[in-house]
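Inspection log for the structure reproduced underneath, given as structure tokens.
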Amino acid sequence: MSRENGRDPGEQGEQLALIREAVRETKAERAKPRTWRGAALAPELPVARVLVDKGLVHLDRFFDYAVPAAMDAEARPGVRVRVRFGAGEKGGRREGGRLVSGFIVERVAESEFRGVLAPIAQVLSPEPVLTAELLALCRAVADRYAGSLADVVQLAVPPRRSRVEAESSPAPLPPNAPPDPGSWERYGAGPGFLTALAQGDAPRAVWTALPGPTWPDELARAAAAALAGGRGALVVVPDGRAAARVDAALGALVGPGRHVVLTAECGPEERYRRWLAVSRGSVRAVVGTRAAMFAPVAGLGLVALWDDGDGSHSDPHAPQPHAREVLLQRAVGERAGFLLGGLSCTVEAAQLVETGWARPLAADRERVRAAAPLVRTIGDGDEARDAAARAARLPSMAWQLVRDGLTRGPVLVQVPRRGYAPRLACERCREPARCRACAGPLEARAAGDLACAWCGREESDWMCAECGGARLRAQVVGARRTAEELGRAFPAVPVRTSGRDHVLASVPATPALVVSTPGAEPVAEGQGYAAALLLDGWALLGRPDLRAGEEALRRWLGAAALVRGQAAGGAVAVIAEPTLRPVQALVRWDPVGHAVRELAERAELGFPPVSRMAAVAGRSDDVAGLLRAAELPAGAEVLGPVPLPVPDPGRPRRPGDPPPGEVWERALVRVRPGQGAALAAALKAARAARLVKREGEAVRVRIDPPDLG
DNA sequence: AGCACGCCGACT
DNA sequence: GTCGGCGTGCTC
């Protein structure tokens with residue numbers, strides 16, 4: 001019997017009263033502190049080790065509770081329970097502690113605790129949701145990210161829905177037949193990879209996908225191969241659109257009932273229903289977004305991740321684990337195959353190949369060249385000559401590309417995000433225009449004067465701090481404005497937009513201008529787009545981020561891969577400086593080469609992922625205090641601390657931002673590869689110690705900080 | 001985080 | 001003598 005509310009669920013109430021009585025008596029005796037009145041306790045393994053669901057770092061351990069006989073059968077490892085936790089017990093009678101929930105992780109015969117165990121208050125549900133395997137994964141992830149086990153478990157186990165739990169899950173289907181290699185034939189080692197999966201091996205690959213619409217099918221085939229071998233498969237993709245495409249492909253390959261989709265879109269109840277079907281072993285393949293990375297797939301044979309450079313693979317909740325790292329852990333811990341695929345290639349992926357942990361899975365150059373569109377660069381000194389091009393604020397070569405493309409099919413125009421408000425930069429040297437008072441970005445106001453977007457201070461005579469230039473240019477132009485202007489330049493052609501609020505999944509094969517922000521590009525039906533124009537070069541490459549180049553290339557390849565191959569007349573133009581490394585990699589369609597060169601450079605500079613880093617942020621003295629308290633591994637290097645930029649006051653406060661009015665500092669700690677675990681452990685221990693001693697305010701610790709300038 | 005225990009100063 | 005300050009430590 002499980003019930004969510006009620007302090008003393010009827011049937012258990014009487015037993016609890018008995019046990020409380022026993023507690024009191026035992027206390028009085030003092031001689032044998034843990035002798036109970038036999039009848040009230042579970043006859044075997046009367047102690048339950050419980051993970052108490054409170055995120056306090058210093059409480060990151062288990063607590064033992066007595067198992068009443070009435071709960072013996074249901075109180076199995078993995079189930080959710082309610083226990084009293086918190087208050088001391090001295091001073092005679094107590095109705096001690098607050099009722100908190102937790103999970104039983106183990107049943108044992110005896111407790112190490114030298115005191116009186118409190119009884120479990122209630123078994124919330126007999127469903128063993130936190131299995132030993134899932135617990136081990138959560139433990140490993142918590143350790144890697146200097147987080148608490150309870151925090152990670154909260155990410156891994158979805159909130160309970162009692163109605164859904166009462167339903168039964170369908171019976172598991174027998175394994176499907178192994179799939180044909182299909183378009184995996186195009187990659188040298190592709191068919192072999194599928195065979196290995198179907199045979200029960202654990203091959204590991206970094207896969208550079210050929211441009212075009214086939215990657216969802218290829219991911220599905222890999223999953224189907226693992227299923228055919230009688231094992232499970234887990235495919236994690238960045239968003240619901242990608243999940244829908246892989247879902248359709250996998251359904252077509254293995255039929256209904258063998259897989260589920262886990263995304264936020266299906267709603268909490270349906271999501272829990274599907275998650276339970278996986279947890280109960282009735283479905284063995286999962287396609288989902290980030291949160292699905294923890295899905296308790298039985299007998300995992302393959303973990304696959306698509307497009308690991310996409311920021312949505314990083315969970316925003318503490319301790320902010322990244323899907324790539326979690327799946328990597330699963331591949332090792334559960335001895336599963338590993339497939340990291342994308343149109344582009346991250347430095348982390350390149351590192352997996354370089355260290356020999358994974359093997360490359362790529363097509364030969366000739367195939368790549370045939371499948372990819374022809375890419376040209378357009379310097380933006382190339383002034384528009386014709387009036388129409390000028391009206392669209394496009395260089396004439398770009399305008400011609402669009403005009404030619406429109407005779408053959410839809411044309412994609414990729415523009416940076418940010419609506420109407422353009423950021424301003426020096427016309428001569430591209431240095432972003434910043435406020436003299438607070439270094440916030442300058443914006444053009446309605447009347448044409450300048451003002452700071454952060455502090456509002458007006459700027460009357462701006463001058464570039466870098467080169468002394470006095471003229472500004474709009475650094476980026478928003479999607480809507482671009483759409484309007486292009487629409488005027490090509491009045492006979494329909495203009496469709498796809499962006500943050502309205503993302504189109506696909507567009508027809510007929511001529512149209514499709515204006516999209518990065519990541520929201522619709523798939524063009526039929527052969528794909530006739531051409532694409534990539535307008536956001538400066539905006540993407542101008543960011544002061546370690547990943548700016550990689551990210552620009554990733555977004556360009558994502559858009560350009562939707563264009564027909566050059567054999568079919570597909571053409572792409574990117575407005576960017578042709579000597580820059582990401583631009584050259586795009587022209588040559590060589591994402592791996594780009595990643596390998598970036599990796600070499602990071603190794604030289606000691607940057608992640610060649611080193612491991614952690615960021616420590618907080619008030620100045622708290623950061624210093626934590627670093628002083630931490631027993632950092634030998635050779636650890638502390639960079640900074642430096643003052644953290646004050647977040648844009650316009651945007652809503654996010655978790656992790658300093659409280660308003662406070663100025664925070666951030667220090668980076670860098671260690672050699674292989675010392676990441678020691679670094680995480682040291683920071684976690686130091687933070688716990690300070691919390692216990694109540695020294696100063698809490699400090700934020702982030703392993704693998706994503707925004708390294 | 002709560003909450004109780006404990007070891008020092010002003011009080012009916 | 002006792003009430004109560006909050007500094008210190010624990011929570012099965």
A:Phe113 CZ to C:dC10 P, in whole Å, measures 11 Å
When rounded to whole Å, the CZ to P distance for the pair A:Arg84 and C:dT11 reads 17 Å
- prompt: According to the 5.5 Å centroid and 30° plane-angle thresholds, does A:Phe63 stack upon the nucleobase of C:dC12?
  reply: no
Going by distance alone, is a donor N or O of one side chain under 3.5 Å from an acceptor N or O of the other, for A:Arg80 and A:Ser125? no
TODO: Using a strict 4.0 Å threshold on nitrogen-to-oxygen distance, state whether A:Arg161 and A:Glu270 make a salt bridge.
DONE: no
In whole angstroms, the gap separating P of C:dC12 from CG of A:Asp64 amounts to 11 Å
Atom CD1 of A:Ile120 and atom P of C:dC12 are separated, to the nearest Å, by 13 Å
Residues at least two apart in sequence or cross-chain that pass side-chain hydrogen bond (donor to acceptor under 3.5 Å, both in side chains) with A:Asp64, listed by chain then number, are A:Arg49, A:Ser111
Residue set satisfying side chain to side chain contact (heavy atoms under 4.5 Å, CB included) with A:Ala680, at least two apart, ordered chain then number -> A:Ala146, A:Ile703
Relative to the ring of A:Trp357, is the ring of A:Phe338 parallel (under 30°), tilted (30 to 60°) or perpendicular (over 60°)? perpendicular
Separation of B:dA1 atom C1' from A:Phe85 atom CZ, nearest Å, is 10 Å
Tabulated below should be each protein N or O lying under 3.5 Å from an N or O of nucleotides 6-9 of chain C; please produce it.
from	atom 1	to	atom 2	distance (Å)
C:dG9	O6	A:Arg694	NH2	3.4

A:Glu110 atom CD is separated from C:dC12 atom P, nearest whole Å, by 19 Å
note: A:Leu117, atom CG; C:dT11, atom C1'; distance rounded to Å ~ 13 Å
Taken to the nearest whole Å, CG/A:Leu691 to C1'/B:dA1 is 10 Å
- Message: Ignoring hydrogens and geometry beyond distance, is a side-chain donor-acceptor pair present between A:Tyr272 and A:Glu165 at under 3.5 Å?
- Response: yes
